[in-house]
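Sequence lines set the chain letters: A, B, ... in the order given, protein chains first and strands last, and positions in each chain run from 1. This is a predicted model, so every value here is computed, not measured.
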Amino acid sequence: MTTVRTPADRPVTEEEARAVQDALRARVVLDEPGPPPGTGRVTGVDVAYDDERDVVAAAAVVLDAATLDVVAESTAVGRISFPYVPGLLAFREIPTVLAALDALPCPPGLVVCDGYGLAHPRRFGLASHLGVLTGLPTIGVAKNPFTFTHDEPGASRGSVSPLLAGREEVGRALRTRNAVKPVFVSVGHRVSLDNACAHTLALTPAYRLPETTRRADALCRRALAEAASR
DNA sequence: GCGACAG
DNA sequence: ATCTTGTCGC
């Protein structure tokens, strides 16, 4: 019995990948508020690459949403499956991220992604994609505005301004630290934009980026270094 | 056609 | 993403 690769699982060409996004986009749920901030668990996922050795490492770190203490963590290592193409980031990151999530000993709760959800050329970024594949509530918190426009939010933490694709609000620029460059929040799956921003603020008591992202980033780098030294 | 472009 | 030391400032 041979295993058949379907484009929906592992698209090879950019054309296939865009077709997958167009097909899966219909499954995104946007009419749920999502879990209340500060309750349950929040999980950060991130990925690090070694293009030379063709190795990718992903990490998932589960935090108690109230205390931000680490509850559980896991990593996964694999081969790079897709090049970086703006708009197709999910195909590069998701296979290994799914493996890391699968390796967790407990449910992840809300998943915070490093990148975008709705704020995407086809309204189906990494966070939306991961949400649809797992059924989990997801949000995207990115460090850059991508191709979208925004006015500078007020200088104080908590200030927001719409992230715009033309006149459509696809996310928000959210100031998480006074007078520090904002982050760019968008809805992934099963979470409202207001709630996504509230979660992001709850996850940034001390630094610009969410604790989830910081923890996952540190862990996947460690996992990559460990994988490379073997 | 050219440039820009999450990580 | 990744290559990379010191340095200015709270």
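- Of the candidates A/Thr134, A/Leu130, A/Val132, A/Leu133, A/His189 forms a side chain to side chain contact (heavy atoms under 4.5 Å, CB included) with just one, namely A/Val132.
- Once you apply a 4.0 Å limit to the heavy atoms of chain A, the touched nucleotides of DNA chain C run 5' to 3' over C/dA1 to C/dT2.
- For A/Arg122 and B/dC5, the CZ to C1' distance is 12 Å, given to the nearest whole Å.
- With sequence neighbours excluded, no residue satisfies salt bridge (Lys or Arg N to Asp or Glu O under 4.0 Å) with A/Asp64.
- OP1 or OP2 of B/dG7 lies within a sub-4.0 Å distance of a side-chain N or O belonging to A/Lys143.
- As a whole-Å value, the separation of A/Tyr49 OH from B/dA6 P is 13 Å.
- The backbone N or O of A/Ile80 sits nowhere less than 3.5 Å from a side-chain atom of A/Arg92 that would complete a donor-acceptor pair.
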| remark: Dot-bracket for DNA chain B, 5' to 3', Watson-Crick and G-U pairs with both distances under 3.5 Å, [ ] for crossing pairs, | for partner on another strand, reads .......
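- Regarding A/Asp50, its CG atom lies at a distance of 20 Å from the P atom of B/dG7, rounded to whole Å.
- Checking each of A/Leu163, A/Leu118, A/Leu193 against A/Glu169 for a side chain to side chain contact (heavy atoms under 4.5 Å, CB included) leaves exactly one that passes, namely A/Leu193.
- Contact detail for A/Gln21 and A/Gly87: the closest heavy-atom pair is NE2-O, 3.0 Å.
- Counting heavy atoms of neighbouring residues, nucleotides and ligands inside a 6.0 Å radius, atom CZ of A/Arg25 exceeds 12 of them.
- In this structure, A/Arg221 places its CZ atom 11 Å from C1' of B/dG7, rounding to the nearest Å.
- If you check every strand for non-hydrogen atoms under 4.0 Å, A/Gly87 touches a base.
- Enclosure of atom CZ in A/Arg122 by more than 12 non-hydrogen atoms of other residues, nucleotides or ligands within 6.0 angstrom is indicated.
- Rounded to an integer number of Å, the gap from CZ of A/Phe82 to C1' of B/dA6 is 15 Å.
- One can place CZ of A/Phe146 at 10 Å from C1' of B/dG7, the figure rounded to the nearest angstrom.
- Scanning all heavy atoms of the two residues, the minimum distance from A/Ala100 to A/Thr75 falls at CB-C, 4.3 Å.
- Not one side-chain nitrogen or oxygen of A/Asn144 sits closer than 4.0 Å to the OP1 or OP2 atom of B/dC5.
- As judged by a 4.0 angstrom heavy-atom cut-off over every strand, A/Tyr84 is placed among the base-contacting residues.
- Salt bridge status for A/Arg221 with A/Asp217: present, with a side-chain N to carboxylate O gap under 4.0 Å.
- When heavy atoms are screened at a 4.0 angstrom cut-off, A/Leu163 is found touching no nucleic acid atom at all.
- When the P atom of B/dG7 is taken as reference, atom CG of A/Asp51 falls 16 Å away, rounded to whole Å.
- When heavy atoms are screened at a 4.0 angstrom cut-off, A/Ala48 is found touching the sugar-phosphate backbone but no base atom.
- Taking atom CG on A/Leu89 and atom C1' on B/dG7, their separation rounds to 5 Å, with Å as the unit.
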